[in-house]
Amino acid sequence: MSEKDQCVLKERGEKYGPIEPMWTTIGVKQWANFSFLWQKCCDQGREPTSQELAHLAAMNMQDVKVVRSIQDPTYDDNYVDGRNYWTIGERVGSGD
């Protein structure tokens, strides 16, 4: 790992807290989202469409911002990004 990478990880750790609990929480949330979508599609006898997967990706990014905002509720970037991920999800979910 480069010195720059180590510096970025250190800065993010100071901002968002320890890597392990945050990314474990995000992983659990995102796995639940994927499992829910997969089951919905399986119940309909099909695989998820690219549109559904794009929507899921936007919602999963929004989950990252939710967890980060819990760590630091004063960091406005999480809310701005979170709102934008909702907008992206809405657009790709509706086929725009």
Side-chain angles (χ1 to χ4, degrees):
M1 180 182 316
S2 74
E3 187 175 320
K4 183 175 182 178
D5 291 342
Q6 290 175 0
C7 182
V8 168
L9 285 175
K10 183 178 183 289
E11 288 173 5
R12 296 297 190 281
E14 291 168 359
K15 183 75 183 156
Y16 299 118
I19 292 171
E20 179 84 21
M22 179 191 314
W23 286 100
T24 297
T25 301
I26 292 166
V28 167
K29 289 173 64 68
Q30 291 184 352
W31 180 250
N33 293 343
F34 176 78
S35 296
F36 185 81
L37 174 61
W38 185 259
Q39 187 60 55
K40 170 191 155 185
C41 293
C42 285
D43 289 349
Q44 297 172 0
R46 62 183 183 81
E47 292 186 5
T49 66
S50 58
Q51 183 178 340
E52 288 170 318
L53 292 171
H55 179 259
L56 177 64
M59 295 300 92
N60 281 344
M61 289 302 299
Q62 191 273 339
D63 278 343
V64 171
K65 294 303 178 171
V66 167
V67 174
R68 283 184 169 180
S69 71
I70 291 168
Q71 179 67 28
D72 184 355
T74 66
Y75 190 52
D76 291 337
D77 180 69
N78 292 323
Y79 301 105
V80 172
D81 283 352
R83 286 188 295 272
N84 283 314
Y85 288 126
W86 276 108
T87 300
I88 292 166
E90 180 180 33
R91 288 186 181 170
V92 299
S94 67
D96 278 349

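Nothing fancy with the numbering, it's 1 onward along the sequence.
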Separation of [Y] [atom2] from [X] [atom1] (nearest 0.5 Å):
X: Ser94; Y: His55; atom1: OG; atom2: NE2; answer: 9.0 Å
X: Gln62; Y: Asn78; atom1: CD; atom2: CG; answer: 10.5 Å
X: Lys15; Y: Lys10; atom1: NZ; atom2: NZ; answer: 14.0 Å

Can you check whether [X] reaches [Y] side chain to side chain, under 4.5 Å on heavy atoms?
X: Pro73; Y: Tyr79; result: yes
X: Glu52; Y: Leu56; result: no
X: Ile88; Y: Met61; result: no
X: Cys41; Y: Glu47; result: no

Under 3.5 Å, sequence neighbours excluded: what are the donor-acceptor pairs made by side chains of residues 32-40?
residue	atom	partner	partner atom	Å
Asn33	ND2	Asn60	OD1	2.9
Asn33	ND2	Asp63	OD2	2.7
Ser35	OG	Trp31	O	2.9
Ser35	OG	Trp31	NE1	3.3
Gln39	NE2	Asp43	OD1	2.6

Shared ILVMFWY cluster between [X] and [Y], side chains joined below 4.5 angstrom?
X: Val8; Y: Ile19; value: no
X: Val66; Y: Met22; value: no
X: Tyr16; Y: Leu9; value: yes

One pair to check against side-chain contact (heavy atoms from CB on, under 4.5 Å): Asp72 and Arg68. What are the steps and the verdict?
CA-CA 6 Å; Asp72 184 355; Arg68 283 184 169 180; over 6 Å; no

Does atom [atom1] ([X]) have a neighbourhood of more than 12 heavy atoms from anything else shown, all under 6.0 Å?
X: Glu3; atom1: CD; result: no
X: Glu20; atom1: CD; result: no
X: Gln51; atom1: CD; result: yes

Can you name the residues that form a salt bridge (Lys or Arg N to Asp or Glu O under 4.0 Å) with Lys65, not counting sequence neighbours?
Asp77, Asp81

